[in-house]
**Student:** 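I have a structure I would like to understand better, so I am pasting it below and will then ask my questions one at a time.
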Amino acid sequence: MGIMTAVKSDFLHVMQERGFFHQCSDLAALDQKLCSGVQSAYIGFDATAQSLHIGNLTGIMMLYWFQQTGHKPITLMGGGTSKIGDPSFKDESRKLMDDDTIAANIEQIKATCFRQFLRYGDGPTDALMVNNDDWLSGLHYLSFLRDYGRHFTVNRMLSFDSVKLRLERESPLTLLEFNYMVMQGYDFLELHRRYGTLLQMGGSDQWGNIINGVDLGHKADQVQLFALTAPLLTTASGQKMGKTEKGAVWLNAAMLTPYDYWQYWRNVEDADVGKLLRRFTILPLDEIAKLESLGGSDINEAKKILAFEATKICHGEAAAQEAAATAQKVFEQGGVGDDLPSITVERARLSTGIALLDLLVEAGFAASKGEARRLVQGGGIRCNDNIVNDDKFVAKESDLTSEGYIKLSAGKKRHALVRI
RNA sequence: GGAGAGAUGGCUGAGCGGUCAAAAGCACCUGACUGUAAAUCAGGCGCCUUCGGGCUACGUAGGUUCAAAUCCUGCUCUCUCCA
């Protein structure tokens, strides 16, 4: 971690040594507050999908540690701000979402993304879930502008990096979207008023938005609020993290199976293993240091532990074990495991024969037959572990193994079972 | 309200009457090498196909032409400058 200001609070200490620390608005003062009693901190989450994804996991872990070190975490659902859409670093507007969709998303996220990490309840350090729609939707334009609009200067708002992209690209940034940062600033003030919340956290891309809230707290209520951001997650080779061939790495098992989730972690770059272990597992640091020091292909052991621990936290120990077991059978023994995706076909279809290309599309390996054909012609398709080069191949009953399935593979990593 | 510029595949961005399913780069997929890693190299990257070809695409609607992403007109949207 290098040399850093010595902090006394458990929470900031954990943030620093586990790699969550990027910027803080007034470290010494915040440290002091955290030492003086139970505090509350919040992070805002989008309600634009049915699930959060790995990109949100940093924030979730920050809240996890906040609670573990004796404080009260607040998860703020952006039910109101989702009606606007954060324009930060985006080069075009998002579609606006209707109320019902947003409400349904929030329900899903509550149930599948937070509960594993945070203990909710009424106790002093129990987590709290709030929705900014509760206060934003009732705002009156004129009085809001008069009371809070005067604390924001456009000059300053234009100086934020988050809007610069849009301006530089000469891509339209609507007033609606421009207001996002004002709303987010107001959220902070509102949470301070309601719960005495002193700290907002987030990824480093949220710094500007958070600081707006800090400034507003100072100007409107003469209180000192704090900002703490974590380094944005990128891979060692500089790519954004959190994408798979299937899209975002969702936390909701209904959107990404625990097996695929496990696989995501198993396939991270060597150079990222230590960083990810610190950030997304709760293993002791000395153990992580050992794992991180493994060289060459031994690092794979560390990746398996990362995958297991990360999956366990999110989907539970049983799911993590199953995923690990399937992975072992598939990759280390060349077999199959229970967690592999499977599709079911009717026996009658199979007895007349099913074109391999159709099967590949049905299994989700290709979006079209043309794409499936290219996969076959490129040598990327195996059927029961034998490469199939013939794009006219037809699967028949005789291709079923003695266990009653056909194992289809696309590339080295994607496998599926065809069952009757 | 006035004057210019522009809208091309997931993104950036060439093309400016046929040789354009559209250069190049990025992203993505597959193969080789490996360690289910990175880097590198090779191939692929609209849809369908009996592999001959067919179909739909260059903001949108029309038009001119044997032929249009390319020319003309209306519309929509964006940017810049002026009021």
Side-chain angles (χ1 to χ4, degrees), chain A residues 87 89-95 165-175 177 234-249 259-277 291-308 310-311 323-337 339-341 355-358 360-361 363-383 385-394 407-416:
Chain A
F89 305 104
K90 307 282 179 3
D91 56 11
E92 61 185 53
S93 326
R94 287 199 193 155
K95 275 179 245 156
L165 177 73
R166 282 286 273 278
L167 295 176
E168 277 166 12
R169 285 180 170 228
E170 301 182 341
S171 164
L173 176 67
T174 64
L175 181 60
E177 297 169 286
T234 56
T235 69
S237 49
Q239 303 293 317
K240 268 178 262 166
M241 276 197 82
K243 293 282 180 183
T244 69
E245 65 279 352
K246 286 174 186 151
V249 182
Y259 173 73
D260 286 325
Y261 191 76
W262 192 96
Q263 282 295 328
Y264 175 77
W265 294 107
R266 173 63 183 83
N267 281 296
V268 299
E269 297 179 25
D270 290 8
D272 292 322
V273 172
K275 177 172 76 187
L276 297 175
L277 280 166
L291 290 169
E292 187 177 18
S293 68
L294 292 171
S297 61
D298 288 342
I299 196 84
N300 284 326
E301 292 309 311
K303 288 186 191 177
K304 286 181 205 166
I305 291 170
L306 169 66
F308 178 79
T311 307
T326 291
Q328 197 194 2
K329 284 182 201 155
V330 174
F331 289 99
E332 295 176 29
Q333 293 159 16
V336 301
D339 274 11
L340 287 184
L356 175 65
L357 298 182
D358 291 325
L360 291 173
V361 173
F365 288 165
S368 68
K369 286 169 81 171
E371 188 181 330
R373 177 173 285 108
R374 274 177 244 121
L375 270 172
V376 174
Q377 287 169 347
I381 293 299
R382 274 164 299 150
C383 184
D385 297 315
N386 298 312
I387 291 179
V388 182
N389 286 309
D390 176 12
D391 61 21
K392 295 191 187 64
F393 182 85
V394 174
K407 181 186 180 190
L408 279 182
S409 311
K412 283 182 289 197
K413 294 178 191 171
R414 288 185 291 166
H415 306 279

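Naming: A, B, ... by sequence-line order, numbering from 1 per chain.
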**Student:** When the C1' atoms of B/G15 and B/A24 are considered, how many whole Å apart are they?
**Tutor:**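 Rounded to whole Å, the distance is 12 Å.
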**Student:** Whole angstroms only, please: what is the CG-P distance between A/N267 and B/A38?
**Tutor:**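 Checked: the CG to P distance equals 8 Å.
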**Student:** Base, sugar-phosphate alone, or nothing: which one does A/A271 contact when heavy atoms must sit under 4.0 Å apart?
**Tutor:**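 Result for A/A271 = nothing.
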**Student:** Syn versus anti for B/G52, judged by chi lying within 90° of 0?
**Tutor:**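 Because its glycosidic torsion lies within 90° of 0, B/G52 adopts the syn conformation.
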**Student:** Using atom C1' in both nucleotides, what's the gap between B/G54 and B/A5 to the nearest angstrom?
**Tutor:**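 Their C1' atoms lie roughly 39 Å apart.
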**Student:** Checking all strands, does A/Q263 fall into the base, sugar-phosphate, or nothing category for heavy-atom contacts under 4.0 angstrom?
**Tutor:**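 Result for A/Q263 = base.
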**Student:** Where the side chain of A/R382 meets the backbone of A/G411, is there a donor-acceptor pair that is under 3.5 Å apart?
**Tutor:**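 Checked: pair present.
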**Student:** Rounding to an integer number of angstrom, what distance separates B/A3 and B/U73 when you compare their P atoms?
**Tutor:**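 These two P atoms come out 15 Å apart once rounded.
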**Student:** Could you measure between the two C1' atoms, the one in B/G31 and the one in B/U12, and give it in whole Å?
**Tutor:**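 One C1' to the other, the span is 28 Å.
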**Student:** Taking the C1' atom of each, how far is B/C20 from B/C29, in whole Å?
**Tutor:**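 That atom pair is separated by 24 Å.
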**Student:** Does the pair A/V376 and A/L360 meet the rule for a side-chain contact (heavy atoms from CB on, under 4.5 Å), with working shown?
**Tutor:** CA-CA 10 Å; A/V376 174; A/L360 291 173; 3.8 Å; yes
**Student:** Within the structure provided, determine whether A/L356 and A/L408 are in side-chain contact (heavy-atom separation under 4.5 Å).
**Tutor:**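 Yes, their side chains come closer than 4.5 Å.
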**Student:** As a test of reading the structure: which of B/U36, B/A38, B/C47 is closest to the side chain of A/S368, going by heavy atoms?
**Tutor:**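 Nearest listed nucleotide: B/C47.
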**Student:** In whole angstroms, how far is the P atom of B/A37 from the CG atom of A/D298?
**Tutor:**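 A/D298 atom CG is separated from B/A37 atom P by 16 Å.
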**Student:** Could you give the NE2-to-P distance, from A/H415 to B/U36, as a whole number of Å?
**Tutor:**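 Value for this atom pair: 11 Å.
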**Student:** Which part of the nucleic acid, if any, lies within reach of A/W265 when heavy atoms closer than 4.0 Å are counted: base, sugar-phosphate only, or nothing?
**Tutor:**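 A/W265: no heavy atom of the nucleic acid under 4.0 Å.
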**Student:** Taking side chain to side chain donor-acceptor pair (under 3.5 Å) as the test, write out the residues that go with A/E371, two or more places apart.
**Tutor:**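 Side chain to side chain donor-acceptor pair (under 3.5 Å) check on A/E371 returns nothing, list empty.
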**Student:** Quote, to the nearest angstrom, the C1' distance that separates B/U40 from B/G53.
**Tutor:**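 Each nucleotide's C1' atom is 38 Å from the other's.
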**Student:** Nearest-nucleotide wise, let me know which of A/E371 and A/W262 is further upstream toward the 5' end of RNA chain B.
**Tutor:**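 With A/W262 and A/E371 compared, the 5'-side residue is A/W262.
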**Student:** Which pair of non-hydrogen atoms, one from A/L375 and one from A/F365, has the smallest distance, and what is that distance?
**Tutor:**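 A/L375 and A/F365 have their closest heavy atoms at CD1-O, 3.7 Å.
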**Student:** Under 3.5 Å, which donor-acceptor pairs do the side chains of residues 327-336 of chain A form with other protein atoms, sequence neighbours left out?
**Tutor:**
{"from": "A/E332", "atom 1": "OE2", "to": "A/K304", "atom 2": "NZ", "distance (Å)": "2.9"}

**Student:** Compare all side-chain heavy atoms of A/D385 with those of A/K407 and state whether any distance is below 4.5 angstrom.
**Tutor:**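 Yes. Closest side-chain heavy atoms under 4.5 Å.
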**Student:** A/A324: what forms a side-chain contact (heavy atoms from CB on, under 4.5 Å) with it, not counting sequence neighbours?
**Tutor:**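 A/A324 satisfies side-chain contact (heavy atoms from CB on, under 4.5 Å) with A/W262 only.
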**Student:** What is the distance, to the nearest angstrom, from the CZ atom on A/F365 to the P atom on B/C29?
**Tutor:**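 The distance from CZ of A/F365 to P of B/C29 comes to 14 Å, rounded to the nearest Å.
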**Student:** What N/O pairs connect the protein and nucleotides 30-35 of chain B at under 3.5 Å? Give each pair on its own line.
**Tutor:**
{"from": "B/U30", "atom 1": "OP1", "to": "A/R414", "atom 2": "NH2", "distance (Å)": "3.3"}
{"from": "B/U30", "atom 1": "O2'", "to": "A/G378", "atom 2": "O", "distance (Å)": "3.4"}
{"from": "B/U34", "atom 1": "O4", "to": "A/K412", "atom 2": "NZ", "distance (Å)": "2.2"}
{"from": "B/G35", "atom 1": "O6", "to": "A/D270", "atom 2": "OD2", "distance (Å)": "3.2"}
{"from": "B/G35", "atom 1": "N1", "to": "A/D270", "atom 2": "OD1", "distance (Å)": "3.3"}
{"from": "B/G35", "atom 1": "N1", "to": "A/D270", "atom 2": "OD2", "distance (Å)": "2.5"}
{"from": "B/G35", "atom 1": "N2", "to": "A/D270", "atom 2": "OD1", "distance (Å)": "2.6"}
{"from": "B/G35", "atom 1": "N2", "to": "A/D270", "atom 2": "OD2", "distance (Å)": "3.4"}
{"from": "B/G35", "atom 1": "N2", "to": "A/N300", "atom 2": "OD1", "distance (Å)": "3.2"}
{"from": "B/G35", "atom 1": "N2", "to": "A/K303", "atom 2": "NZ", "distance (Å)": "3.1"}
{"from": "B/G35", "atom 1": "N3", "to": "A/N300", "atom 2": "OD1", "distance (Å)": "3.4"}
{"from": "B/G35", "atom 1": "N3", "to": "A/N300", "atom 2": "ND2", "distance (Å)": "3.3"}

**Student:** Show the distances under 3.5 angstrom between N or O atoms of the protein and N or O atoms of nucleotides 49-51 of chain B.
**Tutor:**
{"from": "B/U49", "atom 1": "OP1", "to": "A/K369", "atom 2": "NZ", "distance (Å)": "2.8"}
{"from": "B/C51", "atom 1": "N4", "to": "A/R373", "atom 2": "NE", "distance (Å)": "3.4"}
{"from": "B/C51", "atom 1": "N4", "to": "A/R373", "atom 2": "NH2", "distance (Å)": "2.9"}

**Student:** Give the stems involving RNA chain B, where a stem is 3 or more consecutive Watson-Crick or G-U wobble pairs (i with j, i+1 with j-1, and so on) under 3.5 Å.
**Tutor:**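 Consecutive-pair runs (3 or more) involving RNA chain B: B:1-7 with B:76-82, B:10-12 with B:24-26, B:28-32 with B:40-44, B:46-48 with B:53-55, B:59-63 with B:71-75.
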**Student:** B/C72 and B/A23: how far apart are their P atoms, nearest whole angstrom?
**Tutor:**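 That atom pair is separated by 25 Å.
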**Student:** Could you give the distance separating B/U56 and B/C47 at their P atoms, to the nearest angstrom?
**Tutor:**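 The answer is 16 Å between these two P atoms.
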**Student:** If we only count heavy atoms from C-beta on, is the A/D358 to A/K369 side-chain gap below 4.5 Å?
**Tutor:**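 A side-chain contact under 4.5 Å exists here.
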